[in-house]
Amino acid sequence: VAVRLLSVYNEVLPYCTERTVEPGMILHEVRAPLYNIKAYCELFLSGQIGDFSQSQLQLIQQIKTTQDFILDAFTTWVNS
């Protein structure tokens, strides 16, 4: 999932630098799936749906961290 998020980021980045598309529209399109990923990660990490191994929890945390990074990067870009 984290690799796919970075792939999407790299696909969208040229459009962002050219500013051929309204930045707010890009952020809106990226934000919704990222928030869904974050919500699922938080649900998994909370332990409400079962137990995960330590390596699984580390992977889920890494996905959540990557999601946060991408969302922050897009938000910073739009606000610049």
Inset, instruction - Enter the distance from D72:CG to L34:CG here, rounded to the nearest 0.5 Å. - result: 10.0 Å
Inset, instruction - Please report the closest heavy-atom contact between I63 and C41, naming both atoms and the distance. - result: CG2-SG, 3.7 Å
Legend entry - Nearest-0.5 Å distance, OG1 of residue T66 to CG of residue L71: 12.5 Å
Less than 3.5 Å apart, which donor and acceptor atoms pair up between the side chains of residues 43-51 and the rest of the protein, not counting sequence neighbours?
from : atom 1 : to  : atom 2 : distance (Å)
S46  : OG     : L43 : O      : 2.7
S46  : OG     : Q48 : N      : 3.3

Inset, instruction - Any pair with a residue in residues 30-44 that passes side-chain hydrogen bond (donor to acceptor under 3.5 Å, both in side chains), sequence neighbours left out, goes on the list, sorted by first then second residue, please. - result: none
Legend entry - Contacts of type side chain to side chain contact (heavy atoms under 4.5 Å, CB included), residue T65, not counting sequence neighbours: Q61
Legend entry - Set of residues satisfying side chain to side chain contact (heavy atoms under 4.5 Å, CB included) with respect to Q56, sequence neighbours excluded: F52, S53
